[in-house]
Amino acid sequence: MASASSKERSRDGIAELARRRGFLWQAFEIYGGASGFYDYGPLGALLKRRVEEAWRKFYLREGFYEIETTNVAPREIFEASGHLESFTDRAVVCKHCKSFFRVSEGVDVRGKCPECGGELEAAGEINLMFQTRIGLSKEERDEEAQEKTEGYLRPETAQGIFINFQRLLRFNRDKLPFGVIQIGKAYRNEISPRKSLIRLREFTMAEAEVFVDPGEKSNHPRFDEVKDRMLWFVPSEGEGGEKSLEEAVRSGIISNEYLGYHIVKVEEFLERIGIPRDKLRFRQHRPEEMAHYARDCWDAEFLSDRYGWMEIVGVADRGDYDLSSHASHSNTDIGVHVQLPAREGETVKTKAKITPHVIEPSYGIDRIIYALLESSFYEEQVGKEKRKVLRLKNEIAPIIAAVFPLLNRDELKSKAKEVFQMLRDTSIFVEYDDSGSIGRRYRRQDEIGTPYCITIDYETLADDTVTVRERDTMKQVRVPIGKLEEVLV
RNA sequence: GCGUCGAUGGUCUAGAGGUAUGACUUGGGCCUUCCAAGCCCACUGCCCGGGUUCAAAUCCCGGUCGACGCACCA
């Protein structure tokens, strides 16, 4: 056990750091905890917010508008979305080979295991949605009345966008294509949540829904901007490997330009916030692993030292599944009139009514946070000490800079506090520290990914310059206080 | 959900029937003109519940949480 657990521990350095330095805490800890729930501590919350902010900016720049919809929704929404049907079957498990089966026409508790012929036992309900009640319900009421009060926590944020489609279309002045984003919590009552942030019961998703005329799917107006981008594709069939997007689309690996465009955007974003490109690939779902709504799906996978390849973003072609289904369940017409291009010799343009298709990049923010922490964590030998450093990009680092007096003396401390306060008054988030030796303070900041440390020394008192020490190189430059703001951005 | 193993200050750890070891961290002080230095002082702990026993961190039972394997992950 000793050797296994010490190996475990060294591989787990980032988990220990995240806990100790206030990034990530198991939820409900003082009550013994509950599996699948994590709280973000002060630094974790800052990091997460900065990642979300970077994501928001990225998609707003692409022309998307953000909306915010409810976490709780009535039963009908999930009847229409297909989640109720896909989630509430009873399940059985084979006592012998442990295979799991959904109860269906062919399989029930009294039957035999289709895999090995072993005895089956009930394994409860597969219901990944958390159920709740909306309003009061009297127990003696009939079943129909019960159903009326039945509500669920959303298992994805997307439905809130689909059910507002008409409003959104109108907001976009009845023109396709357009895109909508949402960042928010989603909930899935996982059977066995594990692996820190990888499988949570409550998690943050950032989803973008692109509505496009199906006839235009292979004609993205900005395809040229991204077509030469090289990506690592792993299709469900045939050879994978590094290809340009254009090649992938032309050879049919990627079925349309819209899907391809957004796959590239996913990689651009991930790279921008600091996920290393060589740890990223795009893997296509096999038909049997596809969600009920998807006609095609590509996962952006991150190569984790700890967990191997793991999904951090899914890019799905949902076709017209959601809009059509909500249209029929809600008895609403959500078709869109589009103009067809005028043909040779025709004087009148024809109009057609179509149901848009949806391309959906869906980001698991918590998994991305994990990937960022793991891939930016380094332990390196500096002299006799091990230096732990989080090489986070400036754009997402929880704290941009820390201000120190070189020595714990009043004249340096008061000057340092002055500089600290000056920076806090800008949008640059800084920290102040005067405890222990200067070296200790540098290392403390390295550990939490602070890119810069500003030190006030006696020279500062003479000429108003400070040293700025860079996290990754540990090199220092002298900078006038007045120029700090531009140096730190 | 099943199986195996585990849980001791903030972190990591020693202890295998007599209420706990050490290191680091943290806080205070001294020292210190740039990378976890040194010295002094201080704080903090046996996952929860039940049982056995004069006595339980230690043994037994149950639970919770975690790691790993199987299954699950629309």
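All heavy atoms count here, side chains included; hydrogens, waters and symmetry mates do not. As the structure is a prediction and not an experimental result, all values here were calculated from the model. Letters A, B, ... mirror the listed sequences (proteins, then strands); counts begin at 1.
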Next item on the list: For B:G3 versus B:U58, give the span between their C1' atoms, rounded off to a whole number of Å.
Entry: 26 Å

Margin query: What contact category does A:Asp446 fall into here, base, sugar-phosphate, or nothing, at under 4.0 angstrom with non-hydrogen atoms?
Written below: nothing

Next item on the list: Answer yes when A:Lys475 and A:Glu470 have at least one side-chain N-carboxylate O distance shorter than 4.0 Å, and no when they do not.
Entry: no

Margin query: Suppose we screen for side chain to side chain donor-acceptor pair (under 3.5 Å). Which residues come up paired with A:Tyr258, at least two apart in sequence or across chains?
Written below: none

Notebook entry, point to check: Taking the six-membered ring of A:Tyr378, is the NZ or CZ of A:Arg391 close enough (under 6.0 Å from the centre) and on axis enough (within 45°)?
Noted result: yes

Item checked: Ion pair A:Glu418/A:Lys415, N-O distance below 4.0 Å -> yes

Note to self: Exactly one of A:Thr204, A:Ile312, A:Val313, A:Leu197 should register a side chain to side chain contact (heavy atoms under 4.5 Å, CB included) with A:Arg367. Which one does?
What the structure shows: A:Ile312

Note to self: By nearest heavy atom, map A:Arg19 and A:Pro155 onto RNA chain B; which one lands nearer the 5' end?
What the structure shows: A:Arg19

Note to self: Can you tell me if A:Arg194 touches the phosphate of B:C70, counting only side-chain N or O atoms and a distance under 4.0 Å to OP1 or OP2?
What the structure shows: no

Margin query: Salt bridge check, A:Glu289 against A:Arg283: does any charged N sit closer than 4.0 Å to a carboxylate O?
Written below: yes

Notebook entry, point to check: Quick one: ring-ring contact (aromatic ring centres under 6.0 Å, His included) pairs with a partner in residues 381-403 of chain A, sequence neighbours left out?
Noted result: none

Next item on the list: Verify ring-ring contact (aromatic ring centres under 6.0 Å, His included) between A:His357 and A:Tyr321, making sure each step is shown before the conclusion.
Entry: CA-CA 8 Å; A:His357 280 200; A:Tyr321 178 91; over 10 Å; no

Notebook entry, point to check: Taking protein heavy atoms under 4.0 Å as touching, what does nucleotides 36-49 of chain B look like 5' to 3' if B marks base contact, S marks sugar-phosphate-only contact and - marks none?
Noted result: BS------------

Check: Any side-chain N or O of A:Gln26 less than 4.0 Å from the OP1 or OP2 oxygen of B:G66?
Finding: yes

Check: Quick one: are the ring centres of A:Phe211 and A:Phe165 less than 6.0 Å apart?
Finding: yes

Next item on the list: For the residue pair A:Thr455 and A:Tyr442, confirm or rule out a side-chain donor-acceptor distance under 3.5 Å.
Entry: yes

Margin query: Between A:Asp446 and A:Arg471, does any NZ, NE, NH1 or NH2 come within less than 4.0 Å of an OD or OE carboxylate oxygen?
Written below: no

Notebook entry, point to check: For RNA chain B, what string of dots and brackets results from 5' to 3' when Watson-Crick and G-U pairs need both distances under 3.5 Å, crossing pairs get [ ], and pairs with another strand get |?
Noted result: (((((((..(((.....[...))).(((((.......)))))....(((((..]....))))))))))))....

Next item on the list: Answer yes or no: does a side-chain N or O of A:Ser35 lie under 4.0 Å from OP1 or OP2 of B:G66?
Entry: yes

Check: Listed in order of residue number, which residues of residues 284-295 of chain A have a non-hydrogen atom at under 4.0 Å from RNA chain B?
Finding: A:Ala291, A:His292, A:Tyr293

Checklist line | Close approaches to RNA chain B from residues 468-489 of chain A, in residue order (heavy atom, under 4.0 Å) | finding: A:Arg469, A:Met474, A:Gln476

